[in-house]
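Just follow the structure's listing: the first ligand is 1, and inside any ligand the first atom is 1. Throughout, numbering of the chain's residues begins at 1 and tracks the sequence.
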Amino acid sequence: MPLNLTGRIALVTGASRGIGAAIALALAEAGADIAVNYQNKAAQAEAVAAAVIATGRRAVTIQADVSDSAAVTAMVRHCEEKLGPVDILINNAGIGLIRGIDDLTEADFDTTIAVNLKSVFLCTQAVLPHMRARNWGRIVNISSGAARGAGGVGPHYNASKAGMEGLTRGYASRLVKQGITVNAVAPSLIETDMVRSGLAASAARIPLGRFGTAEEVAQVVLMLIGNAYMTGQTVAMSGGLAFN
Ligand code: NAP
């Protein structure tokens with residue numbers, strides 16, 4: 001049975017490009033209405049919303065820095081006003097500041113933890129009241145192979161994604177009785193701006209012989225959303241690079 005999300009409202013953070021944009025489109029193709037969050041790239045967010053609307057679904061773009069508590073509160077309220085309460089939350093927004101141990105600053109560390117980890121706490125807390133009231137919800141957190149492996153970004157990034165997986169399990173165990181699942185997807189080396197713009201990554205390192213695509217990540221997200229029995233899990237995907 002293909003996944004049918006008709007009547008569901010999905011909020012995808014960092015949906016203006018890359019993995020988030022692909023997830024937004026895949027959710028729309030499955031029938032959901034989409035709130036497209038972004039930080040700076042308004043035109044790209046509008047293009048994603050237009051593509052969602054072309055599938056016959058509703059869409060709204062919402063500018064918000066997901067590391068800012070007041071901005072997250074306003075984002076969720078805006079989504080509720082324009083589309084309705086959030087049924088599906090995809091915590092995808094993230095940054096990968098590439099740093100070596102000797103040039104990693106306290107500011108880099110704090111920013112990374114705020115954008116990649118605190119945002120997941122803020123967005124989850126903001127959408128939970130409505131999910132709990134309806135006894136249904138799906139939360140998918142976009143982690144990384146770096147949560148468990150070395151990765152090429154730096155220890156601050158490893159820590160942010162490992163923390164995200166801790167939040168995933170903590171929320172999953174407390175929400176399962178209310179029909180809310182919380183899972184993570186941990187991709188490695190997906191061909192987006194994040195990989196193109198800095199990581200000295202080579203597809204030759206990947207046993208499959210190529211980078212992953214944002215659409216392949218979206219496919220796993222949809223698989224998790226369609227499954228009511230699976231919660232608290234991290235699904236890794238890396239073209240055979242790692243099996244942890
Ligand atoms: P990307 O192409 O750099 O896109 C990042 C997205 O996050 C953009 O939509 C950006 O908005 C948004 N964003 C960044 N900071 C934000 C903030 N403070 N508030 C709101 N939105 C913010 O990245 P990507 O490769 O698609 O990565 C998406 C997620 O997957 C990230 O969490 C990343 O850590 C994770 N991931 C990526 C890979 C990979 O190989 N690409 C591997 C593992 C995990 P603007 O466009 O407005 O700037």
inquiry  = Please tell me whether L89 and L224 are part of a single hydrophobic cluster in this structure, the criterion being side-chain heavy atoms less than 4.5 Å apart.
reply    = no
ask   = Does the Q233 side chain pair with the main chain of T231, one donor and one acceptor, at a distance under 3.5 Å?
value = yes
request  = For the pair D33 (side chain) and I9 (backbone), establish whether a donor and an acceptor sit closer than 3.5 Å, ignoring hydrogens and angles.
outcome  = no
message = Please say yes or no: joined through hydrophobic side-chain contacts below 4.5 Å, possibly via intermediate residues, are V221 and W136 part of one cluster?
response = yes
inquiry  = Pairs of nitrogen or oxygen atoms closer than 3.5 Å, one from K41 and one from ligand 1: do any exist?
reply    = yes
request  = Answer yes or no for N37: is there a heavy-atom contact with ligand 1 below 4.0 Å?
outcome  = yes
ask   = Between S16 and ligand 1, does any nitrogen or oxygen pair lie at a separation below 3.5 Å?
value = yes
remark   = If we number the atoms of ligand 1 from 1 as shown, the ones under 4.0 Å from a heavy atom of S144 are 43 (C), 44 (C)
query = For V66, is at least one N or O under 3.5 Å away from an N or O on ligand 1?
reply = yes
remark   = The answer for which part of A146 has a heavy atom under 4.0 Å from ligand 1 is neither
inquiry  = Can a donor-acceptor pair be found, under 3.5 Å and without considering hydrogens, that links the side chain of H156 to the backbone of R99?
reply    = no
message = Quick one about N141 and S143 (side-chain donor to acceptor, distance below 3.5 Å, no hydrogens or angles considered), yes or no?
response = no
Any donor-acceptor N/O pair, N92 side chain to T13 backbone, under 3.5 Å = yes
query = Counting both backbone and side chain atoms, is some N or O of V115 under 3.5 Å from an N or O of ligand 1?
reply = no
D193 neighbourhood, listing ligand 1 atoms whose heavy-atom distance to it stays under 4.0 Å = 2 (O)
inquiry  = Quiz question: by atom type and distance under 3.5 Å, do the side chains of E46 and Y38 form a donor-acceptor pair?
reply    = no
Residue-ligand contact K161/ligand 1, heavy atom below 4.0 Å = yes
query = By number and element, which atoms of ligand 1 are closer than 4.0 Å to a non-hydrogen atom of A64?
reply = 19 (N), 20 (C)
message = If we set the cut-off at 4.0 Å for heavy atoms, which region of V217 has an atom near ligand 1: side chain, backbone, both, or neither?
response = neither
request  = Answer with yes or no whether A186 contacts ligand 1, where contact means a heavy atom under 4.0 Å from a ligand atom.
outcome  = no
Proximal atoms of ligand 1 relative to V195 (non-hydrogen, under 4.0 Å) = 39 (C), 40 (O), 41 (N)
ask   = Are R17 and ligand 1 in contact, using a heavy-atom cut-off of under 4.0 Å?
value = yes
Cluster overlap F121 with V12, hydrophobic side-chain contacts below 4.5 Å = no
message = Using modelled atom types and a 3.5 Å cut-off, is there a donor and acceptor pairing between side-chain atoms of T55 and backbone atoms of V52?
response = yes
inquiry  = Is there a polar contact between ligand 1 and Q39, counting only N or O atoms under 3.5 Å apart?
reply    = yes
ask   = Between D65 and ligand 1, which residue portion shows a heavy-atom distance shorter than 4.0 Å: side chain, backbone, both, or neither?
value = both
ask   = Below 4.5 Å, heavy atoms only, C-beta onward: do T181 and N227 meet side chain to side chain?
value = no
message = Please tell me whether V153 and V120 are part of a single hydrophobic cluster in this structure, the criterion being side-chain heavy atoms less than 4.5 Å apart.
response = no
request  = Output the list of atoms in ligand 1 that are nearer than 4.0 Å to some heavy atom of L189, sorted by atom number.
outcome  = 40 (O)
ask   = What about L104 and Y157, same hydrophobic cluster or not, with Ile/Leu/Val/Met/Phe/Trp/Tyr joined at side-chain heavy-atom distances under 4.5 Å?
value = no
query = Taking atom 14 (C) of ligand 1 as the point of reference, which of S67, G14, G152, G94 owns the nearest heavy atom?
reply = G94
message = Under 3.5 Å between any N/O of I19 and any N/O of ligand 1: does that happen in this structure?
response = yes
request  = Under 4.0 Å, heavy atoms only, figure out whether ligand 1 is touched by the backbone of S143, its side chain, both or neither.
outcome  = backbone
request  = Specify side chain, backbone, both or neither for Y157, according to which of its non-hydrogen atoms lie closer than 4.0 Å to ligand 1.
outcome  = side chain
P187 near ligand 1 by a heavy-atom separation under 4.0 Å = yes
